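Contents: one structure, followed by commentary.
Lettering of chains follows the sequences in order, A, B, ..., and the numbering in each one begins at 1. What you see is a predicted model, and the numbers here were worked out from it, not measured in a lab. Every heavy atom of this structure was used, including side-chain atoms; hydrogens, water molecules and symmetry mates were not.
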Amino acid sequence: MNKPIRTMAVVCLTLFLALLLNVTYVQYWQAESLSSLSEHPDNVRVRDAEFSRERGSILVRGQAVAESVPSDDAYQFQRQYPRPLQFAHLAGFFSRDSGLGGVEASQNSILSGSDSRLFGYRVVDLADNEQPRGGSVTLTIDPAAQRAAYEGLAALGDDVQGAVVALEPSTGKVLAMVSSPRFDPNRLSSHDFSAASDYRNQLLDAPRRPLDNRAIEEALPPGSVFKLVTAAAALESGDYEPDTQVDGRASLDLPQTSTTLPNLGGGSCGGDTVSLTRALEVSCNVAFGSIGLDLGAEALREQSQKFGFDTRTFEDLDDALTRQAVSTIGDPDEPQTALSAIGQSNVVATPLQMAMVAAGIANDGVVRRPYLVDEILSPKLETLERTDPEDMPDQPAMSPENARDLREMMVSVVDNGTGTTAQIDGVDVGGKTGTAQSAPDRPPYAWFVSFAPADTPSVAVAVLVQDAGVERNQISGSGLAAPIARAVMQAVIG
Amino acid sequence: MSSQSAPASRGFVHRRRRGAELALLLLSLAVGIGAYLAVGLGVDGTVPVDLLTYGAWLALLVIACHVVIRLVAPYADPVLLPVVSSLNGLGLAVIHRIDLANEAKGSGFGPFAGTQLTWMTLGAGLFVAVLLLLRDHRRLQSLTYTAGLAAIVLLLMPLVPGLGRTINGSRIWIGVGPFSFQPGEVAKVLLVVAFAGYLVVHRDALALAGRRFLFVDLPRGRDLGPIVAMWLISLGILVFQRDLGSSLLFFGLFLVMLYIATERPGWLVVGGALFVGGAYAGWLALSHVQARVAAWLDPFGSDVDAYQLVQGLYGMAWGGLVGRGLGQGRPDITPLSWSDFIVTAIGEELGLTGVMAVILLYGILVERALRTALICRDNFGKLMAAGLGVVVALQVFVVIGGVTRLIPLTGLTTPFLSQGGSSLIANWVIVALLVRISDQARRPPPQLLSSDDDDADATQVVRMR
């Protein structure tokens, strides 16, 4: 019987080895992820420890937008947000029972001090018998632009659904990102836990979803601002120049169907044929619809992908609660291609995506990857890491010459066309309006994308006003969205 | 077919090694008493007032066991008792630590450490009694059917109305007055005795007949009776007592002992197929099995009730490599951390290091049991020692694997660590039996026989020069 006993000894050895490997996996390899509040907000041990620890700050130009202050209740520190409404969707919240949001979540390991990059500081704190402290992060935000964006949206009312994104075209830095309606992170992070969770439930039940960051979570038809992508594809095809004559009639027959695509208002765009520049100035549906049919869906898709469509481009606000929307032009058939070319049909885009289109055109055709976290700082505020700007994949999106041509076309939209409300004294501004139809019974969305100054752009902006609660005929990109974009650009240019 | 296998190596005589056992025992006491001291320092920052009396009692118990071994089992394996003593001492300290936490937050559970110490005393008493009363383990072979019958009665007792109790969803308890008892733990020991006695007699019939199929010798259909009976009993435990762990343990034990007795892997194939079939049917039919599997596959899923498992994992992750230190973690967050989930509490406060030490201690225990089985001279002793070793190995694997999410969670106690009297005394008896068998196995063969052998050897030597 000794042979099977020896076999069983080997079997038992295997069982115990499996146990040893598994506990090593749990307590060594998996431990960091299990002890990460952003991944497991219900981990009470970690949560209570982090609530009792001095958490790092989230900084904007040296000013904290989220900081820990001493508290004398059950936990030693209280999280505070000095500008709660402006930075609600960026800084996020640090709540005991509702988890973490925004940068609080995405940079939690740094802020809580558990990140391996802070290991040396942890050892020193331990040796000095001090509580380990967290590191800080600096955001790329321009506070003036952020305030302008916030105030612009807030002026339309507390309930307006909309978002503003401003990017620095040469780097991809997010200069401003505001979503409305917003919430108060101080109330969510309160140590009055029942009040905090009441507030959380109230936010979750609110029909206008104030917790959503519409700048990245809401993909809607971009309407006429998508004509920039169509124009870029046209120029890149080599068949079109800014003064190429295109179809300017009152309506376009859609192939394979009996329907026609009319212009907004029903008239012609100024003649049977108009120049491409003029077509953009007046946002001519017929012209861009026929360009779309000419180029085909594949060319539109390729051009949109070079601008960042069909990818999740932005990583700095990834957390358990954020469902980043992906911009896409869908899968149009031939008649739909004409509609896609004017940003209708199945085309959807986030405000961030449309800001990237403007930034790519402004940056000589090269789209930079957008980022929000600029620097990672040690507890002593020494810089540990700085984010380097990088290109999106598959660049350039268009040649520098074509980008310059398109910039000039956009400047003339603001000078002579639909975007006059974005004009700034003494500065050349390029822009494009959009008023997108969602459903016949729902009010349209107002879009505006722009950049300034036109020769060396330092800011690109996208504004979406989804529902301003105003009369249907008053909703337009130039009326609602362009003034906000103008204020943000002015704030950046100074 | 009687017990006449030759000793493993002729001429080699095991030493008694009682001094080594004593040294190891002192080390194990340092673990147990040191852990108790660390708990006091960690929780209150002071040396526990009863440290001396507690330490003295613990020392008294294990030294008494040691002295009895010296007297009636002088050749016993010297590692068995120290391993058990350190596991039991560590378990007591951790249970005491969780008592303090439960008391601090007023959870209403416990205290358990006091009763556990009483049970340990009882266990050590049974250990001594087994050694004193059972001078030769082969006498147990005459109790084969008595033990089997007793085991079945014990297993059925929880189902008797008025006597059985359902605790935490499993009907595996009996209650008399304020006391509750888990008869399955005792049945475990009796089953090993019964299986060993039955198999040692019937092993030839089970081993020799059969046909070969795909390189594996499969047993005859008519010999399948016992295995099918055991399979049905295990399924019965699963269905009527809702106890996944015991069901798995008993069937696995029987299967392994059958394989060892017959030396035919074919039984493992048949048994494995029966197990897979039974487990699959159980998963299809029983909601509590489905819930366990779902919790195992995705404990963090939103529609899964895996709170206990997840809290155990969080605790272990919180402990990391070296642990928070005794008294510095929060093991009380995990439900039943003093019982089934005590390993996660150890992982939290003593870290991966502590858990590995515990698993290795179990590994040593099992290894010593199997070694005893290898060198044992009689087949009944071989089967029993191997069975006892395997039952500990299986139980440790099922419970630690369960709470660390290696396999689906099943309710079983962690031998010597978990709070629970039935389990503790049953495991002390297991160790007593192992000590007894190892004493027999390591004892030098009778002098007369060995001198004959020497002569016989001498006549065969051919000197070349």
Side-chain angles (χ1 to χ4, degrees), chain A residues 1-53 74-75 99 109 112 114 116 119 122-123 126 131-132 204 320-321 323, chain B residues 5 8 203 256 259-265 268 300 307 310-321 323-324 329-330 333 343-344 347-348 351-353 355-356 359-360 362-363 366-367 369-371 373-375 379 382-383 385-386 389-390 392-394 396-397 400-401 404-407:
Chain A
M1 289 195 281
N2 280 0
K3 186 168 169 285
I5 293 175
R6 285 181 210 281
T7 311
M8 281 321 295
V10 175
V11 170
C12 289
L13 181 75
T14 316
L15 294 184
F16 282 98
L17 266 182
L19 287 180
L20 288 172
L21 284 177
N22 185 55
V23 292
T24 310
Y25 171 69
V26 171
Q27 298 199 260
Y28 183 70
W29 279 291
Q30 213 186 5
E32 196 172 326
S33 127
L34 285 175
S35 304
S36 150
L37 261 199
S38 45
E39 285 177 61
H40 296 287
D42 59 335
N43 192 332
V44 178
R45 293 170 175 90
V46 178
R47 187 192 71 192
D48 288 355
E50 291 194 2
F51 259 74
S52 303
R53 191 188 293 172
Y75 299 106
S109 66
S112 70
S114 63
S116 56
F119 180 74
R122 260 202 318 274
V123 172
L126 265 180
Q131 271 280 343
L204 288 176
L321 296 169
R323 291 164 303 277
Chain B
S5 320
R203 55 190 292 249
V256 169
Y259 163 59
I260 293 175
T262 59
E263 305 197 359
R264 290 193 38 186
L268 291 182
F300 304 108
Y307 179 77
V310 165
Q311 291 307 318
L313 290 175
Y314 285 167
M316 294 185 57
W318 189 228
L321 287 183
R324 296 270 137 189
R330 302 178 64 187
I333 293 176
V343 167
T344 67
E348 178 167 356
L352 178 60
T353 325
V355 174
M356 282 193 153
I359 294 174
L360 288 177
Y362 284 123
V366 172
E367 189 264 342
L370 293 177
R371 175 154 299 271
L374 278 179
I375 62 172
N379 286 332
K382 266 184 189 301
L383 266 176
V390 166
V392 172
L394 280 181
V396 166
F397 179 75
I400 299 188
T404 58
R405 210 187 140 222
L406 181 61
I407 55 173

CG on Leu15(A) to CG on Leu394(B), rounded to 0.5 Å: 7.0 Å
Contact leader toward chain B among Met8(A), Glu32(A), Arg6(A), where contacts are heavy-atom pairs under 4.5 Å: Met8(A)
When Asp48(A), Leu34(A), Asn43(A), Ile5(A) are compared by non-hydrogen pairs under 4.5 Å with chain B, the top option: Asn43(A)
Side chain Arg45(A), main chain Tyr314(B), donor-acceptor under 3.5 Å: no
Test item: Glu263(B) side-chain N/O and Met1(A) main-chain N/O as donor-acceptor pair under 3.5 Å: yes
Heavy-atom proximity to chain A below 4.5 Å, by part of Glu367(B): neither
Contact leader toward chain B among Gln27(A), His40(A), Gln30(A), where contacts are heavy-atom pairs under 4.5 Å: Gln27(A)
Separation between CG of Leu19(A) and CD1 of Ile400(B), rounded to the nearest 0.5 Å: 5.5 Å
Donor-acceptor pair between Tyr307(B) and Asp42(A) side chains, under 3.5 angstrom: no
Heavy atoms from other residues, nucleotides or ligands near CZ of Arg371(B) exceed 12 (cutoff 6.0 Å): no
Residue Phe300(B) excluded, over 12 heavy atoms near CZ under 6.0 Å: yes
For Gly363(B) against Phe16(A), the heavy-atom pair lying closest together: N-CE2, 3.8 Å
Side chain, backbone, both or neither of Leu360(B) within contact of chain A (heavy atoms, under 4.5 Å): side chain
Audit row: Val343(B), Val23(A), side chain to side chain contact (heavy atoms under 4.5 Å, CB included) steps and yes/no: CA-CA 10 Å; Val343(B) 167; Val23(A) 292; 5.7 Å; no
Nearest-0.5 Å distance that lies between atom CG in Leu352(B) and atom OG1 in Thr24(A): 4.5 Å
Smallest separation among heavy atoms of Leu370(B) and Ala9(A), with atom names: CD1-CA, 3.5 Å
Under 4.5 Å from any heavy atom of chain B - which part of Asn2(A): both
